[in-house]
Amino acid sequence: MFRYPGLTLVFILTSLLLSSFESAEKPVANVPKFPYKKAGLTERQAAAHLLSRFTFGSKPGQVDEVVKIGLEKWFAQQLQANLPDPELEQKLAPYRSLKMSNEEIVYYYPQKGQILKLGMQEGVFHIDSLKNSELTKEGRIAQREKLGAYMREKGFRPQGELHNALFNQKILRATYSQNQLQEILTSFWFNHFNVSLTNKNCDLYLTSYERDVIRPNVLGKFETILLATAKSPAMLAYLDNFKSVAEKQSLTPEQKKRQERQQLMLEARLTQDTALQQKQLAQKIKTVKRGAGLNENYAREIMELHTLGVDGGYTQQDVTQAARILTGWTINPEMNHFNLKKPASEQNPDRAALLAKQGSVQEGDFFFAANKHDQGPKVVLGTNFPANGGYEEGLRLINLLAHHPSTAKFISRKLAIRFVNDTPPQSLIDKMAKTFREKDGDIKEVLLTMVTAPEFWSKEALREKTKSPFELAISSVRSLNADIQDPAPLNAWITKMGERIYYYQAPTGFPDKGAYWINTGSLLNRMNFGLALASQKIKGISFDLVALNQNREPESAEAALLTYSQFLLPERNLEATIKRLTPTLTDPSFGQKVDAAANKKPVAMQNETREQEDEMMIEMQEKKGQDGKKNQKKDPAMPMNPKALKGTNTPMLAQVVGIIIGSPEFQRR
């Protein structure tokens, strides 16, 4: 039993943190009948379970909709991922960067240092005037104004605008999209093939990465999405493969000649350039002379994290050999992240033919530089790759990894963890892996195998997943049928609760297990979020609580607790939840106590088990119930006055709904 001095009172509800959420899908081929009846579930309970797994949270009345459509047909529709989304499109319309190519984004959203360098090259800025330490306050203001005017003249935009559009569209898509399974899988595969805004080599590429590489491929063949990520500028930059080239000793005579010619051309330019350009070129010449060499980062992660898994049967030698195969896989030099060259993708029409003649390949933002590729023979996982394989041997490697038996097991396990529970049964993983192998890595078929298996519907799967902060926030606004006018304040709360979207630095991506998200500080923040949302203290979000109940006002706080628990927790057994939450209704200062505890409790403890959390909650509930009775005596006029519930979002009704959202049952899905 865990005890947290000074927090017992607050933790009644704080430990109430693991709830449910519903999921929906779309029509495809023939979907076999789901075996939920054998698990003892009614059709409505099964619909609620589907919604909890395959959407970001059920909306009011959605269980009825799924039952009416038919569970199998609804799931088939979600697998098709082609339902119209006019409301979402309208919400996304103001964000112009969402439709820009990488090339356009690189040009229009440069880093400040790049702008200043360009300005110096054009004589707009001078290096002495840019030394902040030597500027007066008035000089710094004048410099900012001059920089702003220069940016407007060039059409440059601040990178914060680009990043905010990325955050906002994720929240809007998760909230409004009718193609919920596609958005769930977009988050899943982005996390699996993680790249991060913390990496300044790849940050400008994330918009296109999610839009063009991840989302269109989430329900296709695994090899397709694996290859798409391997060739994307975001991944090439994030894991440094864009600078991985053959070691000097492995270069062919022709490659050495090309490198020497490149060095001579650079040196010839030195006499023609400005002092700043000469300095940059000198560094480039030094790099060419030294030779960047082999980089194994991506080769290691494509095996350990993207395909085979850490125990997938590969060795360090396999990593090195795979890295050699992937030398020369880089970013199209026509789209340089660090050069402010106007988008000109239509230039050099004969370039493709010239590149093909040299053995190089250009496909959109991807470029295979034949002169930087290791042409020697390699062996990976016992498979021979003969010398002079060029670009094609990289494709062979991707195919080998995508179809390896270890990959089938690893991907099936990760999908089962996401959609079933944190420790899925091996029997289910084996079924999914078998389908993965037999159906050529078809993700739709693997999901069908999972959802038609008895294990998916067992009591060990029901409400056994813990929502991440993002899932909690989105499921909350969906369950309230809320309208989001400005996603930024909601994103601030998601960050406060511990999930800074697009900012997870490690290539592993966010962990997909409840223990990572649940600690004493996060429980308090989640409760605070529920109370803030329900009382409409989060700007940019609006809803009508009374309208959810067909404009009927509950007669008491207890009645409101039962009514709104049924809305927010459809098809759940609410007896224990109602019993645990009822004492909090009598405390008028409950929200302030949660806030005070959150402000002084360090976010240090982590990895409490589900049982420990529930024990903590029960223990503190007893104490909280006693405190609630004391408060009721001190202020007998405070509670359960029906008149206190008048209006669409009264304080009492807001507290009831906030307490439900902050409860453990709502935190489970």
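- Ring geometry for Tyr504 versus Phe510: interplanar angle of 30 to 60°, hence tilted.
- A donor atom on one side chain and an acceptor atom on the other are found under 3.5 Å apart for Glu210 and Gln169.
- Between the side chains of Glu455 and Ser427, at least one donor N or O sits under 3.5 Å from an acceptor N or O.
- Ring centroids of Phe56 and Phe470 are separated by less than 6.0 Å, placing the two rings close together.
- Annotation: side chain of Leu197 is in contact with side chain of Phe167 (closest heavy-atom distance under 4.5 Å).
- With respect to the salt-bridge test (charged N to carboxylate O, under 4.0 angstrom), the residues Glu296 and Arg300 qualify.
- For the pair Leu415 and Phe188, the minimum side-chain heavy-atom distance is below 4.5 Å.
- For the residue pair Ile105 and Ser97, the shortest heavy atom distance occurs at CD1-O, 4.0 Å.
- Between Tyr36 and His49, a ring centre-to-centre spacing not shorter than 6.0 Å is recorded.
- With hydrogens and angles left out, the side-chain atoms of Glu223 and Asn399 include a donor and acceptor closer than 3.5 Å.
- Asp365 and Asn332 share no donor-acceptor pair across their side chains, judged by distance under 3.5 Å alone.
- A donor-acceptor pair is defined here as one N or O able to donate and one able to accept, closer than 3.5 Å; no such pair exists between the side chain of Asp318 and the backbone of Val380.
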Salt bridge (Lys or Arg N to Asp or Glu O under 4.0 Å) between Glu464 and Lys459, worked out
CA-CA 9 Å; Glu464 283 301 311; Lys459 66 179 187 303; over 6 Å; no
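- The aromatic rings of His192 and Trp189 lie perpendicular to each other, with more than 60° between the two planes, well past the 30° mark.
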Could you give me the CA-CA distance, side-chain angles and deciding distance for Lys170 and Ser187, then say whether side chain to side chain donor-acceptor pair (under 3.5 Å) is met?
CA-CA 9 Å; Lys170 183 175 177 68; Ser187 285; 2.8 Å; yes
Between Thr224 and Asn217, does a side chain to side chain donor-acceptor pair (under 3.5 Å) hold up when you go through it step by step?
CA-CA 7 Å; Thr224 302; Asn217 296 312; 5.7 Å; no
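- Within the cation-pi definition used here (under 6.0 Å to the ring centroid, within 45° of the axis), Lys378 does not qualify as a partner of Phe385.
- Across all their heavy atoms, Arg396 and Pro386 have their closest contact at NH1-CD, 3.9 Å.
- When every heavy atom of Thr452 is checked against every heavy atom of Leu448, the shortest pair comes out as OG1-O, 2.6 Å.
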Begin with the C-alpha distance, continue with both residues' side-chain angles, and end with the deciding distance and a verdict on ring-ring contact (aromatic ring centres under 6.0 Å, His included) for Tyr209 and Phe190.
CA-CA 9 Å; Tyr209 182 68; Phe190 189 103; 5.5 Å; yes
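- Among the candidates Val245, Thr327, Asp374, Leu326, the single residue satisfying the side-chain contact (heavy atoms from CB on, under 4.5 Å) test with Leu294 is Thr327.
- A distance of 9.5 Å separates NE2 of His404 from NZ of Lys409, quoted to the nearest 0.5 Å.
- Contact of the Thr330 side chain with the Asn241 side chain is not registered, since no non-hydrogen atoms from C-beta on lie closer than 4.5 Å.
- Side chains of Lys372 and Ser244: no donor on one and acceptor on the other come within 3.5 Å.
- When side chains are defined from C-beta on, Asp203 counts as touching His163, because their heavy atoms get closer than 4.5 Å.
- Between Ala473 and Met497, the shortest heavy-atom contact is CB-CE, 4.5 Å.
- Under 3.5 Å, the side chains of Gln182 and Ser177 contain no donor-acceptor pair of N or O atoms.
- Gln426 and Asp430 share a side-chain donor-acceptor pair at under 3.5 Å.
- In this structure, the side chain of Thr186 does not engage the main chain of Arg215 through any donor-acceptor pair within 3.5 Å.
- With contacts defined as side-chain heavy-atom distances shorter than 4.5 Å, the pair His306/Met235 qualifies.
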Going through the checks in order, is the ring-ring contact (aromatic ring centres under 6.0 Å, His included) test met by Tyr238 and Tyr298?
CA-CA 9 Å; Tyr238 176 63; Tyr298 178 64; over 10 Å; no
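- Taking the side chain as every heavy atom from C-beta outward, Leu172 and Tyr95 approach each other to under 4.5 Å.
- Residues Leu219 and Asp442 share a closest heavy-atom pair of O-OD1, 4.4 Å.
- Of the N and O atoms on the side chains of Ser458 and Glu460, at least one donor lies less than 3.5 Å from an acceptor on the other residue.
- Between Trp329 and Phe366, the distance separating the two ring centers is shorter than 6.0 angstrom.
- Considering every non-hydrogen atom in both Asp422 and Ile417, the closest pair reads O-CG1, 3.9 Å.
- In summary, of the residues considered (Lys465, Lys414, Lys467), a salt bridge (Lys or Arg N to Asp or Glu O under 4.0 Å) with Asp512 occurs for Lys465 alone.
- Between the side chain of Thr383 and the backbone N or O of Val379 there is no donor-acceptor pair closer than 3.5 Å.
- A donor-acceptor pair under 3.5 Å is absent between the side-chain atoms of Thr407 and the main chain of His403, judged by distance alone.
- Checked options Arg500, Gln505, Glu499; the residue passing with Tyr503 is Arg500 (criterion: side-chain contact (heavy atoms from CB on, under 4.5 Å)).
- With Phe193 as the fixed residue, the side-chain contact (heavy atoms from CB on, under 4.5 Å) test singles out one of Leu226, Val213, Ile302, Leu305: Leu226.
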